[in-house]
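Below is one structure, written out as structure tokens; the observations come after it.
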Amino acid sequence: MLRALIWKELIALSRDLHGLAALFLMPLIFIVVMSMALKDVYSPPLASLPYALDLRDDGPAAKALAARWAERRGQPLLLTRNWQAELKSGQLKYVLIIETGFGQALHELKAPEEPRLRLLAEPGMEPALFQGSVAELMAILGEARARSLATRFLGTVPSGVADLGRFVSGERFEMRQHPTSVQHNVPAWLIFGMFFVVSAMAGLFVQERDSGTLARLASLGVPNAVQITAKAVPYLLVNGVQALLMLAVGIWLMPLMGGQGLSLAGVDLAALGLMIVATSCAAVALALAVASFVRTHGQASAVGPLVNVLMAATGGIMVPTFVMPPVMQQIAAASPMNWALSGMLDVLLRGAGPQTVWPHAWPLFLFALLTLVVAALRFPRRVRA
């Protein structure tokens, strides 16, 4: 009986072309569009930022620092007489000024009375990007000062100071605190697509109730639990296919379109599977609960997407939580989509295992259980209606 009912649901779902398009094409399009549109927001191309160099000190120390900066940030543009206007208009992102007397100040033990090194940024430069540039400049300056003082007092540069650039390297782990555009958007819109089953299931539920299918099954003695299970299983399968397809988009399609690819190297597949199952259970249980409350096709078309969009907007799907103010971050922590996204990011970025992501998974299972109980209590009433 259960197998036949599951097959019935799959047939009904296959005939709902609009619902299938929403479940598969919508998250795919969002992943591609949002990943490409926000690529430079998550990881700005520092080496391609247009800048100019104002070298007012022609000593070897100033030239060495300018060369070191060019190695990291690319060659500077020609400094024109109108550079201040270009900086204010954003044509130049920043201007690095090495003042006269830089080399002399570098050899002195005390700090200079006036700054010998200045970084002037255009008004629209992101604060985090500006602070990062200043920190990088200070690191280069610290290396140069260490070399200078070692040469002055020791007569030569010891190997430890000569290798200071290696000792304090710029290498970072691939599993970063803040994800790249693709690393955020693939799991984010995958989760959004999973929860979008709310709209599809609610529509089919109203259709079967209006056609008398639910009442006929109840009159034949089919238990409510069997009917609910038969409706849940196909959508759990659909969510599994969704997950594989969206991950494939991130791994293979995004690099072909010029974006950064999603890598599963070092990813614990068991933990990834746990988060996908937990997210799918929460999404399908919520869909059953919402479907048991709606009465018309209009309500199904409105309530489902509304619930989905609100959860996505507050849960860090549309806007990453790390750019939200503290109040919004607290609100996001109450969204099931945020629980799912946090667990997915732990898996994809930090190589977390099942035990590590379990604190994100069990609230999803609990949410699924509670909403499933609500659906089971409301289901008989909707059948009679």
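As the structure is a prediction and not an experimental result, all values here were calculated from the model.
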side-chain contact (heavy atoms from CB on, under 4.5 Å) between Y51 and L77, worked out: CA-CA 6 Å; Y51 78 98; L77 301 178; over 6 Å; no
Carefully, step by step, assess K88 and E122 under the rule salt bridge (charged side-chain N to carboxylate O under 4.0 Å, His left out). CA-CA 5 Å; K88 291 181 180 179; E122 58 102 357; over 6 Å; no
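- Side-chain atoms of L28 and M246, non-hydrogen and from C-beta on, do get closer than 4.5 Å to each other.
- Rounding to the nearest 0.5 angstrom, the gap separating the CE atom in M311 from the CG atom in L286 is 5.5 Å.
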Ring pair (Phe, Tyr, Trp, His ring centres under 6.0 Å) between F365 and W362, worked out: CA-CA 5 Å; F365 285 121; W362 76 257; over 10 Å; no
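- The two residues V197 and A283 have their closest heavy-atom pair at CG2-O, 3.8 Å.
- Heavy-atom contacts from other residues, nucleotides or ligands closer than 6.0 Å to CD of Q104 number 12 or fewer.
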Checking E99 against R116 for the salt bridge (charged side-chain N to carboxylate O under 4.0 Å, His left out) test, could you report, in this order, the C-alpha distance in whole Å, the side-chain angles of both residues, the deciding distance, and whether it holds? CA-CA 5 Å; E99 298 282 3; R116 300 292 89 193; 5.4 Å; no
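- Contact of the H360 side chain with the M275 side chain is registered, since non-hydrogen atoms from C-beta on lie closer than 4.5 Å.
- L369 and L236 end up in different hydrophobic clusters when Ile, Leu, Val, Met, Phe, Trp and Tyr side chains are linked at under 4.5 Å.
- In this structure, a donor-acceptor pair under 3.5 Å is present between the side chains of S133 and R73.
- To the nearest 0.5 angstrom, S342 atom OG is 4.0 Å from N338 atom CG.
- In this structure, N239 and S280 approach most closely via the heavy-atom pair ND2-OG, 3.0 Å.
- When side chains are defined from C-beta on, I191 does not count as touching M194, because their heavy atoms never get closer than 4.5 Å.
- Taking each heavy atom of A285 and A368 in turn, the nearest pair found is CB-O, 3.3 Å.
- Under the 4.5 Å side-chain heavy-atom criterion for ILVMFWY residues, no single connected hydrophobic cluster contains both L244 and F195.
- In this structure, the separation between CG on N82 and CG on L92 is 10.0 Å, given to the nearest 0.5 Å.
- Looking only at side-chain heavy atoms (C-beta outward), D54 and I98 stay at 4.5 Å or farther from each other.
- Here the closest non-hydrogen pair linking L341 and G315 is CD2-O, 4.4 Å.
- Relative orientation of the F192 and W189 rings is perpendicular, given thresholds of 30° and 60° on the angle between their planes.
- Side-chain contact between L79 and L53 is absent, with no heavy atoms from C-beta onward closer than 4.5 Å.
- A donor-acceptor pair is defined here as one N or O able to donate and one able to accept, closer than 3.5 Å; no such pair exists between the side chain of S292 and the backbone of R378.
- Here the CG-CD distance, from L237 to Q242, works out to 11.5 Å after rounding to the nearest 0.5 Å.
- Here the shortest heavy-atom pairing between Y94 and L87 reads CA-CD1, 3.6 Å.
- Taken to the nearest 0.5 Å, the CG atom of L262 stands 10.5 Å off from the CH2 atom of W252.
- In this structure, the side chains of L117 and L65 come closer than 4.5 Å at one or more pairs of heavy atoms.
- Two residues are said to be in side-chain contact when any heavy atoms from C-beta on lie closer than 4.5 Å; L364 and C281 fail this criterion.
- Between atom CD of residue E86 and atom NZ of residue K93 there is a gap of 14.0 Å, rounded to the nearest 0.5 Å.
- Linking ILVMFWY residues whenever their side-chain heavy atoms come closer than 4.5 Å, directly or via other members, leaves F196 and L306 in distinct clusters.
- With hydrophobic clusters built from ILVMFWY side chains whose heavy atoms lie under 4.5 angstrom apart, L310 does not share a cluster with V294.
- By the criterion of side-chain heavy atoms lying less than 4.5 angstrom apart, applied directly or through intervening Ile, Leu, Val, Met, Phe, Trp or Tyr residues, L55 is grouped together with L119 in one hydrophobic cluster.
- When every heavy atom of A352 is checked against every heavy atom of V357, the shortest pair comes out as CB-CG1, 3.8 Å.
- Shown here are the ring-ring contact (aromatic ring centres under 6.0 Å, His included) partners of F102, two or more places apart in sequence or in another chain: there are none.
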Pair V95, W83 - check side-chain contact (heavy atoms from CB on, under 4.5 Å), show working. CA-CA 8 Å; V95 174; W83 66 267; 3.6 Å; yes
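- The closest side-chain heavy-atom distance from M344 to V186 is not below 4.5 Å.
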Before giving the answer on side-chain contact (heavy atoms from CB on, under 4.5 Å), spell out for L137 and L96 the whole-Å C-alpha distance, their side-chain angles and the decisive distance to 0.1 Å. CA-CA 10 Å; L137 187 60; L96 178 60; 3.7 Å; yes
Where do L288 and I228 land on the side-chain contact (heavy atoms from CB on, under 4.5 Å) test, with the steps shown first? CA-CA 8 Å; L288 288 168; I228 292 175; 3.8 Å; yes
